[in-house]
Amino acid sequence: MDTNQYEKDLEGLGAFGIASKTLKLAKKNENHNSFLNAGRGNPNWINTQARLAFPRFIIFGVKESERTMLAGNLGGYTTLDGIGRRFDDFLDLSQKEDAFIKAFLDYAAEVLDIDRDALVKEFTDAILGNNYPVPSRCLVNIEKIINAYLQATLYHGVSLAASTQIFPTEGGTAAICYIFNSLKKNGLIKKGDRIAINTPIFTPYLEIPELTKYEMVKVGLAAREDNNWEIPLAALDVLEDESIKAFFLVNPSNPASRALNSTLLKRIKEICAKRRDLIIITDDVYGTFVEGFQTIYAVAPYNTLLVYSYSKLYGATGWRIGCIAMNKQNVFDDLIARLPEEKLQSLDEDYSIVTTNPRSFPFIERLTADSRSIGLYHTSGLSTPQQAMMALFSLSHLVCHDCDAYIESTKKIVAQRYHSLFEGLGIKENSTCENAKYYSLINIYHLAEQLYGKKLATYMQENFGEINFLLNLAKKNGVVIMEGVGFDAPSGTLRVSQANLPDDAYPKIARRIKALLKEYNDKMTASLNGSDS
Ligand SMILES: *Cc1c(COP(=O)(O)O)cnc(C)c1O
């Protein structure tokens with residue numbers, strides 16, 4: 001049938017492709033419902049405190065620049081001497097943005113041991129954007145601040161800030177591209193290598209290993225609904241197999257929104273102690289949404305490269321800010337040192353354009369150089385205003401004494417929306433501490449069975465394609481949800497984002513899902529009656 005063919009073609013587009021189709025259908029939905037897009041992972045909140053601090057440095061910086069040159073709209077350069085004192089005179093502590101700036105300058109001086117003048121100068125120039133990023137990988141004080149932030153939010157009490165190096169990137173997205181590119185260039189992953197990956201997972205991660213360029217073999221570590229969407233402990237045994245070169249994961253996961261529990265972390269730590277050659281890449285963008293979160297990087301710093309992004313927590317997707325963090329002692333450098341001499345010589349040749357000692361050129365610098373095709377290493381690095389914005393978001397957390405009210409609010413928002421959705425659908429909530437609740441997975445067949453019996457679930461599976469429910473939900477009821485299959489989730493799984501819609505949308509989504517299930521049930525009843533007569 002035509003419609004079936006249409007649905008089959010759509011399925012081929014993957015989760016994000018289908019979502020863009022259902023978007024159009026939902027906007028002109030048959031029931032004239034309000035349009036509700038629960039597919040977007042983009043949050044609908046922003047952090048205001050860090051943003052308000054940003055323009056203060058522009059205003060101050062322009063005044064500073066006019067001290068050295070002034071002709072109409074032309075100003076000059078800034079100077080270090082006495083800059084901290086002039087900045088103190090500039091601040092108006094009755095204004096909350098200036099009080100925040102004062103608090104973080106004090107914090108940076110007292111806790112991070114950063115020279116006040118140097119920091120004011122670094123921030124002012126970074127935000128004016130009048131200099132190339134120097135050093136190109138990361139501005140020096142900003143690196144200390146990002147390190148302190150990652151330690152405070154993701155390491156769960158483990159001290160690694162001093163031994164960690166940061167490469168700020170254009171969001172987590174660029175981090176991922178740079179990592180794959182440099183792993184391949186440096187011969188750390190090769191055609192046909194076996195890579196373990198935790199599914200269901202953020203689709204770009206599924207798509208990258210399947211690029212013909214890499215031709216890697218994926219070994220699934222499937223989290224399942226009947227195991228609270230956690231990787232089963234025994235499944236981790238596969239990482240002991242030396243033919244597995246690397247383990248890529250999103251933690252807490254997307255779409256399932258579950259963090260690894262302490263038992264799994266302990267097991268990974270054990271495996272890494274034995275497997276000094278195992279590469280782990282962990283994407284911890286959702287870490288702060290989990291109470292007491294701990295990253296794999298904290299338990300296996302030697303083996304692990306950490307990707308973080310400010311996009312979700314701070315409502316900063318348009319800023320494109322994220323980073324790669326890795327330890328000074330790491331498996332990547334040691335694996336490079338053990339490459340065959342022939343490969344090393346070819347790498348020497350490439351990197352000798354930018355370093356006199358290519359053999360000791362660390363992987364994190366290779367990542368930076370590779371991001372600009374090596375040749376343009378000296379003008380690589382994330383734009384300085386972006387680096388400063390990352391530091392400001394980081395400081396908004398670091399200045400909090402015990403509890404960060406902003407982070408608590410973001411957790412409360414998604415938890416409340418999760419609660420209204422699940423209550424509306426009549427599904428049991430999962431309130432384990434590993435549940436980030438940023439997204440939720442709903443199995444439409446299980447819900448059909450719960451509401452109308454096994455008969456309806458079977459009827460839907462036998463008579464309609466994978467995405468039929470999703471298309472109808474958009475076309476008839478105006479709701480866009482993403483299908484989970486594109487993330488390698490089991491059939492019938494839908495991903496709802498708790499990040500992007502106003503709170504009152506979630507009970508509506510529940511009602512519209514239930515109304516559509518009733519329609520399927522009515523159709524089934526009618527067809528059964530029809531065949532009876
Ligand atoms: C949203 C998201 C990111 C963030 O990417 P940015 O490029 O920083 O916006 C990274 N990883 C995962 C798994 C995500 O869901």
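Remember, it's 1-based here, ligands and their atoms both numbered in the order they're listed. Everything numeric here is computed off the predicted structure, so don't read it as measured data.
At least one N/O-N/O distance between Arg320 and ligand 1 falls below 3.5 Å. The shortest N/O to N/O separation between Gly172 and ligand 1 falls below 3.5 Å. On a distance-only criterion, Tyr439 and ligand 1 share no N/O pair closer than 3.5 Å. Among the atoms of Glu170, none of the N or O lies under 3.5 angstrom from an N or O of ligand 1.
Taking all heavy atoms of Asn254, Leu249, Asp283 into account, the minimum distance to atom 12 (C) of ligand 1 is reached by Asp283.
By the 4.5 Å heavy-atom criterion applied to side chains, Phe123 and Leu392 are counted as neighbours. Side-chain contact check for Ile442 versus Leu425: some heavy-atom pair is nearer than 4.5 Å. With a 4.5 Å cut-off on side-chain heavy atoms, Tyr155 and Leu306 count as touching.
At a heavy-atom cutoff of 4.0 Å, ligand 1 is contacted by the side chain of Val250 but not by its backbone.
Applying side-chain contact (heavy atoms from CB on, under 4.5 Å) to Tyr439 and the options Arg258, Arg495, Met482 leaves one that passes, Arg495.
The aromatic rings of Tyr149 and His397 stand perpendicular to each other, their planes meeting at an angle above 60°, with 30° marking the opposite boundary. Taking the six-membered ring for Trp and thresholds of 30 and 60 degrees, Tyr314 and Phe393 have nearly parallel ring planes, at less than 30 degrees apart.
Shown in contact with Gly171 at under 4.0 Å from a heavy atom are these atoms of ligand 1, numbered in order with element: 7 (O), 8 (O). Short contacts between ligand 1 and Val285, defined as distances under 4.0 Å to a heavy atom of the residue, involve ligand atoms 3 (C), 10 (C), 11 (N), 12 (C).
Applying the side chain to side chain donor-acceptor pair (under 3.5 Å) criterion to Asp125, with sequence neighbours excluded, gives Thr78, Lys121.
For atom 9 (O) of ligand 1, the closest non-hydrogen atom of the protein is Ser311 OG, 2.7 Å. Closest to atom 5 (O) of ligand 1 among all protein heavy atoms lies Thr173 OG1, 3.7 Å. Here the protein heavy atom with the shortest distance to atom 2 (C) of ligand 1 is Lys312 NZ, 2.5 Å.
The neighbour count for Phe35 CZ, taken as heavy atoms of other residues, nucleotides or ligands under 6.0 Å away, is above 12.
At least one heavy atom of Tyr286 sits under 4.0 Å from some atom of ligand 1.
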